Structures are given as C-alpha cells and as structure tokens.
Amino acid sequence: MNISRSVLLLAGMSLIFLGSLATPASAADDQFKHAEKLYDTYCAQCHGADRDGNGLNSTFISVQPRDHSDPKGMGDIPNDEIIEVIKKGGLAANKSVLMPAWGEIFSDEEVDQLAAYLRHICKCGSN
Amino acid sequence: MMKAYLLAAMVGAGFLASSLTASAADGSAILQSQCASCHALTQPENTSLDRLWERKGPDLYYAGVKFNKPWLVKWLQDPVRIRPAGEFYRKHIKKGDKGDVVDESTLTVHPKLAQADAEAAADALMALKGPEGLIETGKYDADKKPSPMAKMLFTKLRGCYACHSIGGGKGGLSGSSLETAGDRLQPDFIYSYIKDPQKIDKGIWMPKLKISEQDLQNLTGYIAQLKGKEGK
C-alpha cells in the first residue's frame, strides 16, 4: 500500500467517523425542531426567549410563569400534569388561569412533542 | 405633420391619465402599490407557522369586517402603535434587566397617507370582506350593558390582561393594545375573535379558550367601550 492510498483511506475513515458523530446530534435537533418553533411562537411570550420564565409579558402578570430551565421545579411536575396543563390550562392542575389552555390549537401529537421538549430543556428526564 | 399630431395626441393622453390619478385617488391602486408588500390583501393559501413568522404586517383581506372606517381614515394619516412589540413579537424582543423587553430599535414607523389617499385607501379596505362566514354577525347584543364584572373577567378571571394592555402602561405586550379597541374594531369582530381567534387569524398566539356565551357578551361589551380620550 502506498502512502497516498493510506492517506485517502484515513481521510475516508475519519469522514465516516465524523459523519457518525454528526448524525445523532442533528437527529436530536430535528426531533425538537417543530416543538421549538411552537415554543417560540406560543410560549416564549410569557415563559421567555431563554425559557427561564421571564418572558415579555411576565412583568405584567400576578403569577410568575414557570421557569422551564429549572431542573428541580420542572422535575417535580409529572408528565401527565405537564400534558394536562398544556392542553387544558393552569386551572386543570389547580394552577393559575394565567397559564392558558392550548388544546384547541395543538394536536395531541404536538402536545406530546412540547412535553418532551420541556423535558429536554430542563434536563430533568421524564417522570 | 402626421408626426406632430401623433405627438400631441400622446402627450394629451399622458396628461389625461396623470390628472385622473391625481384628482380621484384610486384606493385599490394605493393598496396594491404601497401596502401589498407587507399586508395580505387576499386570503393567503399558505397558513403555516413559517408564513406567520415571515409576514411583515397583519393581514388586511378581511379589513371590511374588522375596522370602523372613521378610525381607519384617521389612523392611516397618523398611525400610532397598536402592537407594542410590532408584527411578530418574537422578532422584536431583547434581554432586559428582569426579562425580555421590546427592542424598540427594531420597530419602524408605519407609512403615512395624505388625507385624500387615506380616505380612498379606507374605502378600498372596507370593501375587503374576507371569506363568507369568517365572523359571526348579529350574535353580540349591543343593547345589553356589560355587567360590572366584565372588567374583572378581562383583568383577572380569564387572563386576557396577560397579553393585552388597556392603556396606562399596564397589561401584557405580546398581543395588540386594546386601549382604543372600541374606536378601532367592529363589535361583531371583537366577539368572533374572542370566540375563535384561530378561525380569523390561523396560527396566531392567542389561545382559543372555552368561554360561555354570557362571558363572551360581557367581554365584547367591555372591550367595545374602550375608547381613546377623544372618543370618550
């Protein structure tokens, strides 16, 4: 085997290696792409561009929107409750009416995607 | 000789055409040439979220069932901001001390029209009725006075205040200011929008809430009487 061939082989192998590194990451991004867009359209107005509860409207409301980046606070809320609250609003879980109901706008699939996305951004697994 | 006649005729025709457009402003022509770049004047086929993110101004293809004409004529000559965070809030916010704030530097002043053009454009806008059945007419009972509870519904019980200001520097910023909604909007539009915002403006970031008929009447009545100082 001459040198140029082994360089080529090496280059090829590292390409494959790079490729295998890149794929899972972008697949994860793709998985949350739609949920992220939904969040930025509908949730960020109160929960914040940084998902920290400090949205544009947050200074004007009497109950602070949940900090979605807080692993402890979000980790304590069971999945069922997250889904219920997104669909039916805060009142459904004895929380504030200031958290609106979105079930009339989103499909069940979109609500599930949003719930999974919330777990992703709080880095607090699933309950 | 022939040539001179032809020239004279051409100049005359050109003169006629230009004097015509100058005297009676053509509202539709104004809309097409000065407004269509930012506003949908016909119902868009694309109702995706991407379109919502990209549009530069609110849709006007149903302006005739939305606005009160006197308000239009006035506003087009002297536009004041209605959406505190512009058209699409998410593109006009930045980090503040306590959280997201409006990034004023990204907001632009709305184009202004001279009086004759504003009147012509308002006429043309009032002729845009949108698709049949877009709003419910005749459901709202204007004769009934809203109950004293109506304001409470808005500010506390139904959470409208979280997104809408009613003036005085209070109330949320991601929705339109309703401070002068009574001057601006037709009551049937207010009623229909609260009942089903998504039917009128698909994808809009106002939730569709379950609201009883009685509360709908009260909220509509309350909003319809919110008027600017001159209107009071």
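This structure is a prediction, so every number in the text was calculated from the model and none was measured. Protein chains get the first letters and strands the later ones, always in sequence-line order, with residue 1 at the start of each.
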Nearest heavy-atom pair of [X] and [Y]: which atoms, and what distance?
{"X": "B/Lys98", "Y": "A/Thr59", "answer": "CB-CG2, 4.4 Å"}
{"X": "A/Thr41", "Y": "B/Trp53", "answer": "OG1-NE1, 2.9 Å"}
{"X": "B/Leu49", "Y": "A/Lys37", "answer": "CD1-CG, 3.8 Å"}
{"X": "B/Pro207", "Y": "A/Pro100", "answer": "CG-CB, 3.6 Å"}
{"X": "B/Ala162", "Y": "A/Leu98", "answer": "CB-CD2, 4.0 Å"}

Review point. Just checking, B/Lys208 and A/Trp102: is the charged tip under 6.0 Å from the six-membered ring centre and within 45° of the axis?
Key: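 No, B/Lys208 does not sit over the ring of A/Trp102.
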Using a cut-off of 6.0 Å, state whether more than 12 heavy atoms not belonging to [X] lie near its atom [atom1].
{"X": "B/Lys91", "atom1": "NZ", "value": "yes"}
{"X": "B/Lys129", "atom1": "NZ", "value": "yes"}
{"X": "B/Gln34", "atom1": "CD", "value": "yes"}
{"X": "B/Lys95", "atom1": "NZ", "value": "yes"}
{"X": "B/Asn46", "atom1": "CG", "value": "yes"}
{"X": "A/Glu109", "atom1": "CD", "value": "no"}

Practice item. State whether the side chain of B/Tyr89 and the backbone N or O of A/Gln45 hold a donor-acceptor pair below 3.5 Å, judged by distance alone. Key: yes
What distance do [X] atom [atom1] and [Y] atom [atom2] have between them, rounded to the nearest 0.5 Å?
{"X": "A/Cys46", "Y": "B/Trp205", "atom1": "SG", "atom2": "CH2", "value": "13.0 Å"}
{"X": "B/Ser165", "Y": "A/Phe60", "atom1": "OG", "atom2": "CZ", "value": "8.0 Å"}
{"X": "A/Leu56", "Y": "B/Arg90", "atom1": "CG", "atom2": "CZ", "value": "10.5 Å"}

Practice item. Report yes if some heavy atom in the side chain of A/Asn57 is under 4.5 Å from a heavy atom in the side chain of B/Asp100; otherwise report no. Key: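 No - every pair of side-chain heavy atoms lies 4.5 Å or more apart.
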Review point. Going by heavy atoms in the side chains, are B/Lys156 and A/Val97 under 4.5 Å from each other?
Key: no
Revision key, fill the gap. Whatever's closer than 4.5 Å to a heavy atom in chain B on A/Ser58 counts as neither
**Study point:** Region of A/Ile105 that comes under 4.5 Å of a non-hydrogen atom in chain B
**Key:** side chain
Check your understanding: Quick one: what part of B/Leu173 sits under 4.5 Å from any heavy atom of chain A, side chain, backbone, both or neither?
Key -> both
Practice item. Go through the atoms of B/Lys210 and report whether side chain, backbone, both or neither lie under 4.5 Å from a heavy atom of chain A. Key: side chain
Check your understanding: Of the listed residues (B/Gly159, B/Gly175, B/Gly171), which shares the most heavy-atom pairs with chain A below a 4.5 Å separation?
Key ->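 Looking at each of B/Gly159, B/Gly175, B/Gly171 in turn, B/Gly171 comes out on top.
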